[in-house]
2 protein chains.
Amino acid sequence: MFSEEDKSYPIELVADFLGVNSRTLYYYEKFALVCPLRRGRKRYYSKADIKWLKFIREMMYEQGMNLRSIIVLIRRRDQVIMNICPDDVVDCFKNYLVKKVDQDW
Amino acid sequence: MFSEEDKSYPIELVADFLGVNSRTLYYYEKFALVCPLRRGRKRYYSKADIKWLKFIREMMYEQGMNLRSIIVLIRRRDQVIMNICPDDVVDCFKNYLVKKVDQDW
DNA sequence: AATCATTTTCACTTAAAGTGAAAAATTAAT
DNA sequence: ATTAATTTTTCACTTTAAGTGAAAATGATT
């Protein structure tokens, strides 16, 4: 059985699905906006990761928001982001991100 | 008696106070983020305008948010923006902006 | 009429977001 | 084990949002 959280999709598949360059995914990772499983050096993403990334892309390219704003909204556990994006998807990231980003930014 | 909403401050004074170029204020006006009173061609800003602009600058330069994100938050009458910025200041803009920006964007 | 401030336009700068290409490192296949 | 294929990493480049400098055009003031 595979759940939303199973990290099983390699980066190229995710990049193709989202229509982005794989380097864009590395870029988001630098901001702790996604955290794929590392098996050796290879990265594996879950369905929840993919939904989350899709959501981020929409915020950016349909709404015109920037990465920093998305991070700010997550840190504030804000209604804007929480309401639009399904709970189960957000839940995978908000705690991680709040912790992570508070450190280095 | 002068209230928060009295539009009486010329652009250079506002720009100096905020530490920005007056052209930045024209720029914000293009996005309907502020709406000074026009007497002839001259622009006059209120204290509420000034507070509002100061708030926008902080969102941008302390949080790293962009203009589009601020507009998105206002349109959603969102908690992030509404909680930080005093009610009386926000109230001057949100209805105006929601109406205005819905049209052209 | 001359001066001064304000507005407008044009072109430029800077930084965020992202990409292309290629080298280096891993992993998979024979 | 050697080759082939993938993935990661680095460098330098592109594009767009945000903002500025300079100067011309407009308008207000003395």
Side-chain angles (χ1 to χ4, degrees), chain A residues 7-46 49-50 52-75 97 101 104-105, chain B residues 7-46 49-50 52-75 97 101 104-105:
Chain A
K7 305 255 183 180
S8 49
Y9 302 98
I11 195 164
E12 275 309 327
L13 191 146
V14 177
D16 285 353
F17 177 78
L18 294 170
V20 305
N21 194 300
S22 59
R23 311 236 6 271
T24 302
L25 299 182
Y26 298 133
Y27 186 69
Y28 291 167
E29 201 175 328
K30 282 212 307 191
F31 292 95
L33 279 168
V34 67
C35 183
L37 171 69
R38 301 298 287 268
R39 205 176 299 134
R41 297 223 166 174
K42 287 192 68 178
R43 289 166 170 79
Y44 295 94
Y45 297 79
S46 66
D49 286 327
I50 294 169
W52 173 247
L53 289 165
K54 194 156 148 34
F55 172 69
I56 288 173
R57 298 290 295 181
E58 283 166 12
M59 296 285 275
M60 294 185 76
Y61 291 96
E62 286 168 24
Q63 310 290 327
M65 299 184 72
N66 64 356
L67 289 181
R68 298 286 184 190
S69 298
I70 293 169
I71 293 169
V72 166
L73 294 186
I74 296 164
R75 293 177 71 183
L97 228 174
V101 177
D104 11 286
W105 194 49
Chain B
K7 305 257 183 180
S8 50
Y9 303 97
I11 195 163
E12 276 309 329
L13 192 145
V14 177
D16 285 354
F17 177 78
L18 294 170
V20 306
N21 194 300
S22 59
R23 311 239 3 272
T24 301
L25 300 182
Y26 298 133
Y27 186 70
Y28 290 166
E29 200 175 329
K30 282 212 305 189
F31 293 94
L33 279 168
V34 66
C35 182
L37 172 69
R38 303 297 287 267
R39 203 176 299 134
R41 299 222 166 175
K42 288 192 67 176
R43 289 165 170 79
Y44 295 93
Y45 297 80
S46 66
D49 286 326
I50 294 169
W52 174 246
L53 289 165
K54 194 155 148 35
F55 172 69
I56 288 172
R57 299 290 295 181
E58 283 166 13
M59 296 283 275
M60 295 185 74
Y61 291 95
E62 286 169 24
Q63 310 290 328
M65 299 183 73
N66 64 357
L67 289 182
R68 298 286 186 191
S69 298
I70 292 169
I71 292 170
V72 166
L73 294 186
I74 296 164
R75 293 178 69 184
L97 228 175
V101 176
D104 12 285
W105 195 48

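Keep in mind it's a predicted model, so treat the numbers as computed, not measured. Lettering of chains follows the sequences in order, A, B, ..., and the numbering in each one begins at 1. Atom set for the values below is all heavy atoms of this structure, side chains included, hydrogens, waters and symmetry mates excluded.
Across every non-hydrogen atom of N21(A) and A15(A), the tightest pair is C-CB, 4.2 Å. Residue S69(A) comes nearest to N66(B) through the heavy atom pair OG-N, 3.5 Å, listed as atom of the first residue, atom of the second, then distance. Among all heavy-atom pairs drawn from D49(B) and V34(B), the shortest one is OD1-CG2, 3.9 Å. The minimum heavy-atom distance linking S46(B) with Y9(B) is given by the pair C-CD1, 4.2 Å.
For the side chain to side chain contact (heavy atoms under 4.5 Å, CB included) test, residues two or more places apart in sequence or in another chain that qualify with R39(B) are L37(B), Y44(B).
Rounded to an integer number of Å, the gap from CG of N21(A) to P of dT8(D) is 13 Å. Distance L25(B) CG to dT6(C) C1': 13 Å, rounded to the nearest Å.
Here CD1 of I70(A) is found 7.5 Å from CH2 of W52(A). Values are rounded to the nearest 0.5 Å.
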Expected rows: protein N/O vs nucleotides 14-18 of chain D N/O, under 3.5 Å:
| from | atom 1 | to | atom 2 | distance (Å) |
| --- | --- | --- | --- | --- |
| dA18(D) | OP1 | L67(B) | N | 2.8 |
| dA18(D) | O3' | Y61(B) | OH | 3.4 |

Listing time: all N or O pairs from protein to nucleotides 22-29 of chain D that are below 3.5 Å?
| from | atom 1 | to | atom 2 | distance (Å) |
| --- | --- | --- | --- | --- |
| dG27(D) | OP1 | R41(B) | NH2 | 3.4 |

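Of the possible polar contacts, none joining the D16(A) side chain to the I11(A) backbone as a donor-acceptor pair under 3.5 Å is found.
Taking 4.0 angstrom as the limit, Y26(A) places a side-chain polar atom (N or O) nearer than this to OP1 or OP2 of dT8(D). The shortest distance between the side-chain N/O atoms of R43(B) and the OP1/OP2 oxygens of dT8(C) is below 4.0 Å.
Residues Y44(A) and R38(B) both approach DNA chain C. Their nearest nucleotides, taken by heavy-atom distance, put R38(B) toward the 5′ side.
Between E29(A) and R43(A) a salt bridge is recorded (basic side-chain N to carboxylate O distance below 4.0 Å).
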